[in-house]
Amino acid sequence: MERADILILGGGAAGLFCAGSLAGQGRRVLVLEHAHAPGEKIRISGGGRCNFTNLATAPDRFLSETPRFCASALAGYTPADFVALVDRAGIAWHEKTEGQLFCDGSAKQIVEMLRRRMEGAELRLGVAVEGISPGSPHVVHTSAGPIEARHVVVATGGKSIPKMGATGIGYRIAETTGHRIVETRPGLVPLTFGAHELAQTAPLAGLSVEAVAETTTAPRKGQRPPRFRDQLLFTHRGLSGPAILQISSFWRPGEALRLDLAPGHDLAAELIAAKRQAGRSHPAAVLGRVLPARLAGAIAEEMGLGAARLADVPDRVLTTLAARVSAWTISPVGSEGYRTAEVTLGGVDGRDLDARTLESRRVPGLHFIGEVVDVTGWLGGYNFQWAWASAHAAARAILAA
């Protein structure tokens, strides 16, 4: 039977980084990846430029049923640490809004950096993991035969973007070895509407507007509903754009969202003032000062005010029109699912892992890192930082063992 000192399951961001942190330390490190190329989600991320970290990384930017679980790993490997690695590799980068860091060039540079960093470890592509028999050593069953290893690191990712090869094998390994799984669902994903709402919004597909999106209920008792201000995009199926992707991770089926399509504006006051000053104007013209003209016209038509003059519209109706823009409440019927989700919410329960080492509390020598764990970041590079940090924590613990 083939043997390795350390066997890493998954050649994505967390797996590659973990291998690089372990390589060259006198141990045989073997990485198994079922796809035919490593780091495919890195390659397509950030529009092909890879939003590789976020300078605002902190535990409160992550969702988990054990909210402070991620704190130790994030403190042990920071965005500054990864930026230093990128700088040493000579990769040019730039900062976008809110601390988001992107490559100036291709995301492939990050993949190549990680591959060079793991020199001395072996990366084996096209090998599927089928399961594990825990023991001393553990035996991992693969499509190429069984492999023994004292340390096994599960870095298989989540279920998002199955066309890139995502599977649920990491969750199955966790379950068969006695670990609890927090319910998994798509995160950072476009939301979809029913037929009635689509009749109003589908004609606006392709239109983008800055908006504030928030849930109408708090995720936990005593907490305020989360809210995000960013771009919103109308689609043929519902809504997308950064504001919607962010709020989708907090939204639950059956729940309503509240959307402000004109943040920072008191539209009721602006409409009433315009009525006093230019009564012959149409409501859509006033809305068009802060909204795209097509959206302004569609909302005015929806409210039955397409041809009305401001002078003929009662103030209370103008206030209702303003509320339709600034406090639009709508209930999505679902999401576009794992097909387009950027991440998987939920995963291996943090209560079953040591937060400092990512090692199982139930199976010594078995670690879970990256997306397979119940730690999910906001949009904007946070999930990559969790991949680097959790991989670093596991690697450091294995080397110390």
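When all heavy atoms of Thr344 and Lys159 are compared, the closest pair comes out as OG1-N, 2.8 Å. Closest of all the heavy-atom pairs between Tyr382 and Ala56 is OH-CB, 3.6 Å. The shortest non-hydrogen separation linking Gly297 to Ala284 is CA-CB, 4.1 Å. Taking all atoms of both residues into account, the shortest heavy-atom contact from Ser240 to Pro190 is OG-CG, 3.5 Å. Between Pro283 and Leu271 the shortest heavy-atom distance is O-CD2, 4.2 Å. The two residues Ser21 and Leu399 come nearest to each other via the heavy atoms O-CD1, 3.7 Å.
Around CZ of Arg28, the count of heavy atoms belonging to other residues, nucleotides or ligands within 6.0 Å exceeds 12. Atom NE2 of His141 is surrounded by more than 12 heavy atoms from other residues, nucleotides or ligands within 6.0 Å. Atom CZ of Arg294 has more than 12 heavy atoms from other residues, nucleotides or ligands within 6.0 Å. Counting heavy-atom neighbours within 6.0 Å of Arg276 CZ, excluding the residue itself, gives a total above 12. Other residues, nucleotides and ligands place more than 12 heavy atoms under 6.0 Å from the CZ atom of Arg116.
Atom CD1 of Ile369 sits about 12.0 Å away from atom NE2 of His392, to the nearest 0.5 Å. Arg227 CZ to Asp260 CG: the interatomic distance, rounded to the nearest 0.5 Å, is 7.5 Å. Expressed to the nearest 0.5 Å, how far CZ of Phe62 lies from OG1 of Thr57 amounts to 5.0 Å. Once rounded to the nearest 0.5 Å, the distance linking CD1 of Ile110 with CZ of Arg49 reads 12.5 Å. Here Phe368 contributes atom CZ and Ser360 contributes atom OG; the two are 6.0 Å apart, rounded to the nearest 0.5 Å. How far CG of Leu295 is from OG1 of Thr201: 10.5 Å, rounded to the nearest 0.5 Å.
By the 4.5 Å heavy-atom criterion applied to side chains, Leu245 and Phe228 are not counted as neighbours. Residues Leu188 and Gln246 are in side-chain contact: their nearest non-hydrogen atoms beyond the backbone lie under 4.5 Å apart. Side-chain contact between Pro292 and Val209 is present, with at least one heavy-atom pair separated by less than 4.5 Å. In this structure the side chain of Pro253 reaches within 4.5 angstrom of the side chain of Trp251, judged on heavy atoms. Between Leu9 and Ile173 there is a side-chain heavy-atom pair separated by less than 4.5 Å. The shortest side-chain heavy-atom distance between Ile398 and Arg27 falls under the 4.5 Å cut-off. Side-chain contact between Pro38 and Leu123 is present, with heavy atoms from C-beta onward closer than 4.5 Å. Contact of the Leu366 side chain with the His179 side chain is registered, since non-hydrogen atoms from C-beta on lie closer than 4.5 Å.
Classification of Arg229 and Glu98 as a salt-bridged pair fails, no side-chain N sitting under 4.0 Å from a carboxylate O. Salt-bridge annotation for Glu33 and Arg115: absent, with no side-chain N of the basic residue lying under 4.0 Å from a carboxylate O of the acidic one. The pair Glu65-Arg180 fails the salt-bridge criterion, with no side-chain N (NZ, NE, NH1 or NH2) lying under 4.0 Å from an Asp/Glu carboxylate O. Ion pairing of Glu183 with Arg185 is absent here, as no side-chain N (NZ or NE/NH1/NH2) approaches a carboxylate O to less than 4.0 Å. Look at Glu175 and Arg172 and you find no salt bridge, because none of the NZ, NE, NH1 or NH2 atoms lies under 4.0 Å from a carboxylate O.
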I would like to know whether Thr215 and Leu257 meet side-chain contact (heavy atoms from CB on, under 4.5 Å); could you show each step before the answer?
CA-CA 5 Å; Thr215 58; Leu257 295 179; 4.0 Å; yes
side-chain contact (heavy atoms from CB on, under 4.5 Å) between Glu130 and Ser143, worked out
CA-CA 7 Å; Glu130 297 169 348; Ser143 58; 3.9 Å; yes
Any chance you could lay out the salt bridge (Lys or Arg N to Asp or Glu O under 4.0 Å) test for Glu270 and Arg289, step after step, and finish with the verdict?
CA-CA 10 Å; Glu270 292 178 31; Arg289 299 172 187 172; 6.0 Å; no
Determine, stepwise, if the pair Leu259 / Ile244 fulfils side-chain contact (heavy atoms from CB on, under 4.5 Å).
CA-CA 10 Å; Leu259 305 174; Ile244 295 300; 4.2 Å; yes
Trace of the side chain to side chain donor-acceptor pair (under 3.5 Å) decision for Thr235 with Glu336:
CA-CA 11 Å; Thr235 74; Glu336 293 194 2; 4.6 Å; no
side-chain contact (heavy atoms from CB on, under 4.5 Å) evaluation trace for Thr319 with Ile272
CA-CA 8 Å; Thr319 299; Ile272 292 171; 4.3 Å; yes
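No side-chain donor-acceptor contact under 3.5 Å links Trp93 to the backbone of Phe102. With His138 contributing its side chain and Pro364 its backbone, the two residues share a donor-acceptor pair below 3.5 Å. The main-chain N or O of Gly334 is found under 3.5 Å from a side-chain atom of Thr192 such that the two form a donor-acceptor pair. Proximity of a side-chain donor or acceptor of Asn51 to a complementary backbone N or O of Gln100 within less than 3.5 Å is not detected. At least one donor-acceptor pair under 3.5 Å links the side chain of Ser248 to the backbone N or O of Val189. Panel note: side chain Gln25, backbone Leu22; no donor-acceptor pair is recorded below 3.5 Å. With hydrogens and angles disregarded, no donor-acceptor distance shorter than 3.5 Å links the side chain of Glu122 to the backbone of Leu30.
Checking Glu342, Arg339, Glu371 one by one against Ser160, the side-chain hydrogen bond (donor to acceptor under 3.5 Å, both in side chains) holds for a single residue, Glu371. Exactly one residue among Val313, Ile299, Leu287 makes a side chain to side chain contact (heavy atoms under 4.5 Å, CB included) with Leu305. That residue is Val313.
The distance between the ring centers of Trp388 and Phe17 falls below 6.0 angstrom.
The aromatic rings of His367 and His151 lie tilted to each other, with the angle between the two planes from 30° to 60°.
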